[in-house]
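A short worksheet on the structure shown next.
Computed from a predicted structure; not experimentally measured. When a residue number appears, it is its place in the shown sequence, counting from 1.
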Amino acid sequence: MIYLKTDDEIELLRQSNLLVGKTLAEVAKYIKPGVTTKQLDIIAEEFIRDHGAIPTFKGFPNPYGEPYPASLCTSVNEQVVHGVPNDRPLEEGDIVSIDCGTNLNGYCGDSAYTFCVGEVDEAIKALLRTTKEALYKGIAQAVHGKRVGDIGAAVETHCVAQGYDVVREFVGHGIGREMHEEPQIPNYGKKGTGVMLKTGMCIAIEPMITLGKRKLVMHADKWTVSTADRLPAAHFEHTVAVRQGKADILSSFEFIEAVLAEKAI
């Protein structure tokens, strides 16, 4: 069942998603060599709760029925998604994809951003840049009358043209009162196919793109997923509302990028 949201509901979703952006910006202040992802997780959970929300990831069950133990997913280097925060210090040249979810006033926010730790190899920076570009190309297709396949085709075409591969096992999704709703939003597909997009649909679009091959392996923790060839992967995500003519981006990278610009000075 796909639920179309009213304008009032979309504004509540926007509030929750803007909080995700602010949380990721708060975390971004502390990303540097030597910090651990567990430390980042503590910062995020405190920030979310201080703003009257709850972290939606914490306690969320996997297919094995095991609850997720943290507030953030922190996926380092070859880890694609669902990396569990731990005590390993981040190192110069790492990348870390941070996925964050909140529930504020009964509505969910969901967004992700891949950060550089110190100075990162140019080839990896290009992967991040292309993945982020692909996100916005997908968002450009999230308008009334288009289809889900148009989003996936836009993401896939852009990334494959640059020599990257597209993860297929994990996809975007509808979002609302529940973190994961219908429909699924793959990052691959054919134009003009799939569910028709309608005004009021709210979806999370989240390209997961690999520097090497897209084959994946699951870690023993039954959460963390990495590339089989151990080459890096990038992940960027926005929550958007489908509208006539142009998608309405409910989450934001502006807070994050203001922090990153200040750190670069």
State, with a plain yes or no, whether a side-chain heavy atom of [X] is found less than 4.5 Å away from one of [Y].
X	Y	answer
M201	P183	yes
V81	D99	no
Y188	V155	no
K198	L4	yes
E91	P33	no
T199	H144	yes
E169	K215	no

Do [X] and [Y] share a hydrophobic cluster, counting only Ile, Leu, Val, Met, Phe, Trp and Tyr and linking them when any side-chain heavy atoms are less than 4.5 Å apart?
X	Y	value
V242	Y136	yes
L90	L128	yes
L72	F255	no
I2	V240	yes
V120	V27	yes

Check: [Y] main-chain N/O paired with [X] side-chain donor or acceptor under 3.5 Å:
X	Y	result
T210	G212	yes
T74	I98	no
T193	K190	yes
D165	K213	no
T23	I48	no
E9	T6	yes
Q184	G172	no
S111	V20	no
D41	A70	no
K263	I31	yes

Salt-bridge contact [X]-[Y] (side-chain N to carboxylate O under 4.0 Å):
X	Y	result
R14	D7	no
E156	R168	yes
R49	E46	no
D248	R243	yes
E254	K22	no
K38	E45	no
E181	K5	yes

Of all the heavy-atom pairs spanning [X] and [Y], show the shortest one and how long it is.
X	Y	result
G109	T56	O-OG1, 4.4 Å
A204	D110	CB-OD2, 4.5 Å
E66	W223	O-CZ2, 3.1 Å
L24	C100	CD2-CB, 3.9 Å
T102	A53	CB-CB, 4.4 Å
E178	C108	C-SG, 3.7 Å

Any chance the side chains of T114 and S97 put a donor and an acceptor closer than 3.5 Å?
yes
Let me know which of E78, H82, Q79, H219 forms a side-chain hydrogen bond (donor to acceptor under 3.5 Å, both in side chains) with S226.
H219
Please determine which of T37, D94, T36 meets the side-chain hydrogen bond (donor to acceptor under 3.5 Å, both in side chains) test together with R88.
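Going through the options one by one, the only one that passes is D94.
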Evaluate H235 against V80 for side chain to side chain contact (heavy atoms under 4.5 Å, CB included), listing each step before the verdict.
CA-CA 7 Å; H235 179 202; V80 180; over 6 Å; no
With side chain to side chain contact (heavy atoms under 4.5 Å, CB included) as the test, would you mind laying out the steps for E133 and H158 before giving the verdict?
CA-CA 8 Å; E133 289 168 355; H158 185 68; 2.8 Å; yes
Is it the case that atom NZ in K58 sees more than 12 heavy atoms from other parts of the structure closer than 6.0 Å?
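Atom NZ in K58 is crowded, with more than 12 foreign heavy atoms closer than 6.0 Å.
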Ring centroids only, cut at 6.0 angstrom: are F60 and H180 within range, meaning strictly under it?
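Here the rings of H180 and F60 have centres that are less than 6.0 Å from each other.
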Looking at T131, I151, V166, L135, which one forms a side chain to side chain contact (heavy atoms under 4.5 Å, CB included) with N187?
V166
Y107: which of N17, L13, I10 passes side chain to side chain contact (heavy atoms under 4.5 Å, CB included):
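Considering N17, L13, I10, a side chain to side chain contact (heavy atoms under 4.5 Å, CB included) with Y107 is found only for L13.
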If I take atom [atom1] from residue [X] and atom [atom2] from residue [Y], how far apart are they, to the nearest 0.5 angstrom?
X	Y	atom1	atom2	answer
D121	I95	CG	CD1	10.5 Å
Q39	D87	CD	CG	8.0 Å
L216	D229	CG	CG	9.5 Å

Stepwise, does the side chain to side chain contact (heavy atoms under 4.5 Å, CB included) test hold for I185 with V148?
CA-CA 6 Å; I185 311 293; V148 164; 3.9 Å; yes
Side chain to side chain contact (heavy atoms under 4.5 Å, CB included), that's the test. Do K132 and F253 meet it? Break it down for me.
CA-CA 11 Å; K132 188 176 169 189; F253 291 160; 4.1 Å; yes
